[in-house]
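Structure record follows, encoded as structure tokens.
Every value quoted in this text rests on a predicted model; they were computed, and no experiment measured them.
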Amino acid sequence: MHGEYKVPGGKLVVVDLDVVDGRLSGVRVSGDFFLEPDEALEAINGALTGAPADADGEELAARIHSGLPEGARLVGFDAAAVAVAVRRAVSKASGWSDHEWLLVHDGPQTPLMHMALDQVLAEEVGAGRRAPTLRFWEWAAPSVIIGSFQSVRNEVDMEGARRHGIEVVRRITGGGAMFVEPGNTVTYSVYAPVSLVAGMSFAESYAFLDDWVLGVLRELGLNVWYQPLNDIASDAGKIGGAAQKRLASGAVLHHVTMSYSIDADKMGEVLRVGKEKLSDKGVASAKKRVDPLARQTGLAREVVIERLIAGFRARFGLVAGPVTDAERARARELVESKFATREWLMRVP
């Protein structure tokens, strides 16, 4: 069995192993990390050999820690990363390059259509009728998109939304509210089989699925990092946030919205950002929580998207895979039967 895990912002950890009578056997850890002293590598292999094949990450990491020689130095990785690679080997996880990736980047869609397309494309990937897909969103109208479990009353100033002509919709993923206007955000979704994140916790998979984005942003000159659980942050403030859902169909839906040129005053009139939410960010107002890509990159939004697409293609491969007529028809049905209904929008009033 073979498992790989690229530490976000760090090094690649590779594990090859066998499972004999329900326990790990012949464990061989490798990678482009740094480790001192040399014999620490055999200590890691020995600590993992004999561990239950169904051991969780915490147990595996504890075994590694207990087996390391005193003063051992792990650079570019840690015991938890090795544990993830082990769990990915046992669960027969797939890697980015094991798949042929499709690109969807079509014309502007209504907010409701975006919600429906997210569900449809994720379900199609889970069912094996569509290859794993990267989709960039274009907006036909301004919107506030609330998380699946958020309260409309607590998150949105409906009078402010009506005054500015902003539609409020609810998505199928959790997380916080998004404020978008055409041209002011960069939003993308990744639709992948769950094998891509097999062996990872939700927290681990967030950073893993966005590591390529951080790489491209760094190539554009930004100093960025992942702020657990789901924020992309920089020296100048928050850039974007992610949300994720694992569907029963066997797919993972992961999407990110990054601020390009936010109208912070309008956002403040539409979103209700509570003191508790701001308190753990160490800032005094919602305006300071978003730092647009326009100012940090100096590039047109279209160029930022082109660079992101090119960066993904260079890393994993990417070919055109537009939304099919059948997928679009199914999305339209979902708009009418689910996303446009008051029952869905007000599921948490």
Tell me which one of E327, E124, E100 satisfies salt bridge (charged side-chain N to carboxylate O under 4.0 Å, His left out) with R130. E327
Do the ring centers of W139 and Y260 come within less than 6.0 Å of each other? no
What verdict does the side chain to side chain contact (heavy atoms under 4.5 Å, CB included) test give for M113 and R332, after you've listed the backbone C-alpha separation in whole Å, the side-chain angles of each residue and the deciding distance to 0.1 Å? CA-CA 7 Å; M113 192 63 171; R332 286 194 290 265; 3.9 Å; yes
Under a 4.5 Å cut-off applied to non-hydrogen side-chain atoms, are T173 and S148 in contact? no
Given 3.5 Å as the limit, does a donor-acceptor pair link the side chain of E167 with the main chain of P111, or not? no
Looking at L35, is its backbone amide N or carbonyl O close enough to the side chain of R73 to form a donor-acceptor pair, meaning the two atoms are under 3.5 Å apart? no
Output the distance between atom CG (L293) and atom CD1 (I262), rounded to the nearest 0.5 Å. 10.0 Å
I'd like to know if F34 and V13 are part of one continuous hydrophobic network [Ile/Leu/Val/Met/Phe/Trp/Tyr, side-chain heavy atoms within less than 4.5 Å]. no
Between R63 and S66 the two heavy atoms that sit nearest each other are O-OG, 2.8 Å
Donor-acceptor contact below 3.5 Å, side chain R28 vs main chain G26: yes
Nearest 0.5 Å please: distance from the CZ atom of F33 over to the CG atom of L41. 5.5 Å
With a 4.0 Å cut-off on N to O distance, would you call R315 and D211 a salt bridge? no
Would you call E155-R170 a salt bridge at under 4.0 Å N-O? no
Basic-acidic side-chain contact under 4.0 Å: E269, K266: no
Using the ring of each side chain (for Trp, its six-membered ring), is W96 parallel, tilted or perpendicular to W101, with breaks at 30° and 60°? tilted
Between E219 and R307, does any NZ, NE, NH1 or NH2 come within less than 4.0 Å of an OD or OE carboxylate oxygen? no
Donor-acceptor under 3.5 Å (R295 side chain, G298 main chain): no
Do we see a donor-acceptor contact under 3.5 Å between the side chains of T187 and T257? yes
Under the side chain to side chain contact (heavy atoms under 4.5 Å, CB included) criterion, do V82 and L48 qualify, and how do the steps go? CA-CA 10 Å; V82 178; L48 291 170; 3.8 Å; yes
Using 0.5 Å steps for rounding, measure from the CD atom of E138 to the CD atom of E302. 7.5 Å
So V348 and V152, do their side chains get closer than 4.5 Å, heavy atoms only? no
For the ring pair H99 and F316, is the centre-to-centre distance below 6.0 Å? no
Taking the side chain as every heavy atom from C-beta outward, state whether N184 and F179 have any pair of such atoms under 4.5 Å apart. yes
Do the side chains of L214 and W212 join up, straight or via other hydrophobic residues, at under 4.5 Å, putting them in one cluster? yes
Could you tell me whether a side-chain N or O of R301 sits under 3.5 Å from a main-chain N or O of T185, the two making a donor and an acceptor? yes
Look up atom CG in L209 and atom NE2 in H255, then write down how far apart they are to the nearest 0.5 Å. 12.0 Å
Working to the nearest 0.5 Å, report the span between CZ of F136 and CG of D106. 12.5 Å
Has the side chain of S143 got a donor or acceptor atom that lies under 3.5 Å from a matching backbone atom of V168? no
Give a yes or no on this: more than 12 heavy atoms of other residues, nucleotides or ligands lie within 6.0 Å of atom CD of E58. no
Between E204 and R88 (salt bridge meaning N to carboxylate O under 4.0 Å), is one present in this structure? no
Nearest non-hydrogen partners of S234 and Q296, listed with the distance: OG-NE2, 3.0 Å
Minimum heavy-atom distance between A331 and L117, given as atom pair plus value: CB-CD2, 3.9 Å
NZ or CZ of R246 within 45° of F202 ring axis and under 6.0 Å: yes
Can you find a pair of side-chain heavy atoms, one from V197 and one from H254, that are under 4.5 Å apart? no
Determine whether V84 and Y206 fall in the same hydrophobic cluster, where Ile, Leu, Val, Met, Phe, Trp and Tyr are linked whenever their side-chain heavy atoms lie under 4.5 Å apart. yes
What heavy-atom pair brings G9 and R218 nearest, and what distance separates the two atoms? CA-NH1, 4.5 Å
Evaluate the side chain to side chain contact (heavy atoms under 4.5 Å, CB included) criterion for residues W225 and D235: first the C-alpha distance (whole Å), next the side-chain angles of each, then the deciding distance (0.1 Å), finally the verdict. CA-CA 9 Å; W225 62 89; D235 291 331; 3.5 Å; yes
Test item: S337 side-chain N/O and V335 main-chain N/O as donor-acceptor pair under 3.5 Å: no
Are the side chain of T297 and the backbone of L299 linked by a donor-acceptor contact shorter than 3.5 Å? yes
Side chain to side chain contact (heavy atoms under 4.5 Å, CB included) assessment of F208 paired with Y5: CA-CA 9 Å; F208 173 80; Y5 177 62; 4.0 Å; yes
Restricting to non-hydrogen atoms, name the atom on P193 and the atom on P132 that form the minimum distance, rounded to 0.1 Å. CD-CG, 3.6 Å
Any sub-3.5 Å donor-acceptor pair from D32's side-chain atoms to K11's backbone N or O? no
What do you reckon, is CG of D325 surrounded by more than 12 foreign heavy atoms closer than 6.0 Å? no
Does any non-hydrogen side-chain atom of L24 lie less than 4.5 Å from one of T49? no
Verify same cluster id: V224, L308 (apolar side-chain graph, 4.5 Å): yes
Return yes if some donor-acceptor pair links the side-chain N/O of D231 with the main-chain N/O of A233 below 3.5 Å, else return no. no
Side-chain heavy atoms of K245 within contact of Q119, under 4.5 Å: no
I'd like to know whether CZ of R153 has more than 12 heavy-atom contacts from other residues, nucleotides or ligands below 6.0 angstrom. no
Taking the side chain as C-beta and beyond, is there a heavy-atom pair between V213 and Y188 under 4.5 Å? yes
Please say yes or no: joined through hydrophobic side-chain contacts below 4.5 Å, possibly via intermediate residues, are L112 and L253 part of one cluster? yes
Hey, are D118 and R135 close enough for a salt bridge, meaning a charged N less than 4.0 Å from a carboxylate O? yes
Between atom NZ of K238 and atom CD of Q227, what is the distance when rounded to the nearest 0.5 Å? 10.0 Å
To check you understand the geometry: which heavy-atom pair defines the closest contact between G3 and A89, and what is its length? N-CB, 3.4 Å
Within the structure provided, determine whether V256 and D210 are in side-chain contact (heavy-atom separation under 4.5 Å). yes
